[in-house]
There are 2 protein chains.
Amino acid sequence: MALFLSRFDNKVDRKGRVSVPASFRADLTSDAFAGVVAFPSPGNGGAIDGCDIDRMKQLSDGIDSFNPFSNEYGDLATAILTKSHRLPFDGEGRIILPQQLLAHAGITSMATFAGRGATFQIWAPEAYEAYEAEATERAKAQADKFELQRRDQMGAGE
Amino acid sequence: MALFLSRFDNKVDRKGRVSVPASFRADLTSDAFAGVVAFPSPGNGGAIDGCDIDRMKQLSDGIDSFNPFSNEYGDLATAILTKSHRLPFDGEGRIILPQQLLAHAGITSMATFAGRGATFQIWAPEAYEAYEAEATERAKAQADKFELQRRDQMGAGE
DNA sequence: CATAAAATGGCATGATATCCCATGAAAGCC
DNA sequence: GGCTTTCATGGGATATCATGCCATTTTATG
């Protein structure tokens with residue numbers, strides 16, 4: 001399973017091409033497909049969600065971590081599949097962000113890649129800054145939840 | 001499972017490189033990745049948290065058990081995963097601390113590694129001294145309380 | 001069918017990270 | 001107590017990566 005970490009701000013050239021962070025590429029390359037699967041994030045308005053093809057397959061199979069039998073999520077999964085784009089790497093590890101996604105995220109000259117473990121997001125840098133501030137506030141307010149999570153992990157690891 | 005012990009003060013050279021204590025390295029080396037995963041400590045302001053890749057994977061899996069499009073997932077991912085860095089060893093067991101982490105911890109010429117069992121922290125030495133003094137105070141207070149409780153228990157029992 | 005526009009692939013470049021070897025100090029060993 | 005090994009540290013050589021530029025192919029358009 002992929003583990004996307006860290007943040008990278010890369011330039012979008014005139015043709016809409018962006019270098020995918022080198023450390024992401026290994027996890028995005030498989031026999032099935034070498035590239036990114038991207039779609040407008042259902043959770044965060046201005047973000048693009050990105051993942052590898054295997055995760056998208058899981059979503060399609062309905063065996064993702066959220067409840068596959070719920071009709072609500074079934075609709076969501078279907079909508080995601082319809083809005084998803086396959087973005088293959090060129091020889092230098094770049095992808096082309098389609099106009100539709102660029103517009104959705106308000107990306108012009110720079111793109112922020114934010115690692116999120118099994119997935120990552122792509123943002124306009126300013127939008128990400130704003131989101132980060134917001135999310136950090138919420139995370140602080142809910143530190144108790146975070147602690148619980150950590151304890152679960154520590155328990156599981158021992 | 002890793003067991004990081006003791007304290008080490010190592011030099012940060014002109015290129016931002018630091019030797020990871022030799023006794024830490026075995027626990028930080030696996031098939032998946034040989035190096036440190038580091039992120040700003042959510043608890044202690046000026047510290048950097050360090051761990052091995054397996055622990056980070058567990059944390060990521062834990063976060064992934066939330067709905068990927070929920071605030072819980074997003075907030076935790078933003079607070080930890082996006083702020084984490086993979087820092088691979090060079091041939092001599094050194095890592096490069098990114099500018100962002102150096103700034104967060106206020107590290108300039110020296111870095112203090114503090115073993116904490118399954119994880120460790122990296123501090124600016126002065127900051128660590130201050131933290132340790134404070135923590136010692138708290139520990140004393142806890143020990144006193146513990147003593148009192150013990151006496152109560154013994155008193156009640158007799 | 002011809003021409004312009006756009007997509008795609010390939011190559012060049014500068015910055016940065018990685019590799020490799022050297023040195024000295026400390027620790028362990030015989 | 002002298003010898004050997006491990007480790008932290010330094011510097012220069014090399015490779016990788018993001019990115020710009022150009023060539024070639026493909027797709028629209030008149």
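Each chain gets a letter, A, B and so on, in the order the sequences are listed, and its residues count up from 1.
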> Donor-acceptor check, side chain of B:Ser60 to backbone of B:Met56, threshold 3.5 angstrom: yes or no?
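Absent.
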> Which whole-number value in Å describes the distance from A:Phe8 CZ to C:dA17 P?
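Computing the A:Phe8:CZ to C:dA17:P distance gives 11 Å.
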> For A:Asn10 and C:dT16, give me the distance from atom CG to atom P, rounded to whole Å.
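Atom-to-atom, A:Asn10 to C:dT16, this comes out as 14 Å.
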> Between A:Ile122 and A:Phe8, is there shared hydrophobic-cluster membership here, with clusters defined by ILVMFWY side-chain heavy atoms closer than 4.5 Å?
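Both belong to a single hydrophobic cluster.
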> Between the side chain of B:Asn10 and the main-chain N/O of B:Val18, is any donor-acceptor distance below 3.5 Å?
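Checking the backbone N and O of B:Val18 against the side chain of B:Asn10, no donor-acceptor pair under 3.5 Å is found.
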> To the nearest angstrom, how far is B:Arg14 atom CZ from C:dA17 atom C1'?
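In whole Å, C:dA17 C1' and B:Arg14 CZ are 15 Å from each other.
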> Between C:dT16 atom P and B:Leu97 atom CG, what is the distance in whole Å?
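After rounding, the reported distance stands at 17 Å.
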> Is there a salt bridge (charged side-chain N to carboxylate O under 4.0 Å, His left out) between A:Asp49 and A:Arg55? Walk through the geometry before answering.
CA-CA 12 Å; A:Asp49 272 322; A:Arg55 189 174 174 88; over 6 Å; no
> Do B:Arg86 and B:Ile53 have side chains that get closer than 4.5 Å, going by heavy atoms?
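A side-chain contact exists here, since the closest heavy-atom pair is under 4.5 Å.
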> Would you call B:Arg7-B:Asp9 a salt bridge at under 4.0 Å N-O?
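Yes.
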> Is a donor-acceptor contact shorter than 3.5 angstrom present between the side chain of A:Lys15 and the base of C:dT8?
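Counting by modelled atom types and ignoring angles, a donor-acceptor contact under 3.5 Å is found here.
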> A:Asp13 has an atom CG; how far is it from atom P of C:dT8, in whole Å?
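A:Asp13 atom CG is separated from C:dT8 atom P by 12 Å.
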> If you look at every strand shown and take non-hydrogen atoms under 4.0 Å, does B:Val20 touch a base, only sugar-phosphate, or nothing?
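Result for B:Val20 = sugar-phosphate.
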> In whole angstrom, what separates A:Glu92's CD from C:dT8's P?
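It is 14 Å, rounded to the nearest whole Å.
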> Distance-only, no hydrogens or angles: does the B:Thr82 side chain make a donor-acceptor pair with backbone N or O of A:Gly115 under 3.5 Å?
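Side chain of B:Thr82 to backbone of A:Gly115, a donor-acceptor pair under 3.5 Å: yes, one is there.
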> Rounded to the nearest Å, what distance is computed from the CZ atom of residue A:Arg94 to the P atom of nucleotide C:dC11?
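After rounding, the gap between these two atoms is 13 Å.
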> Using atom types as modelled and distance alone, determine if a side-chain donor or acceptor of A:Arg116 lies under 3.5 Å from a backbone N or O of B:Leu81.
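Side chain of A:Arg116 to backbone of B:Leu81, a donor-acceptor pair under 3.5 Å: no, none is there.
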> Go through DNA chain D in 5' to 3' direction and return only the first and the last nucleotide with some atom under 4.0 Å of chain A's heavy atoms.
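Taking any atom under 4.0 Å from a heavy atom of chain A, the span is D:dC17 to D:dC22.
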> Expected output is a numbered-order residue list: members of residues 82-90 of chain A with a heavy atom under 4.0 Å from any atom of DNA chain D. What is it?
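Here the set is empty: none.
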> Counting only N and O atoms by type, is there a donor-acceptor contact under 3.5 Å from the side chain of A:His104 to the main-chain atoms of A:Gly45?
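At least one qualifying donor-acceptor pair exists.
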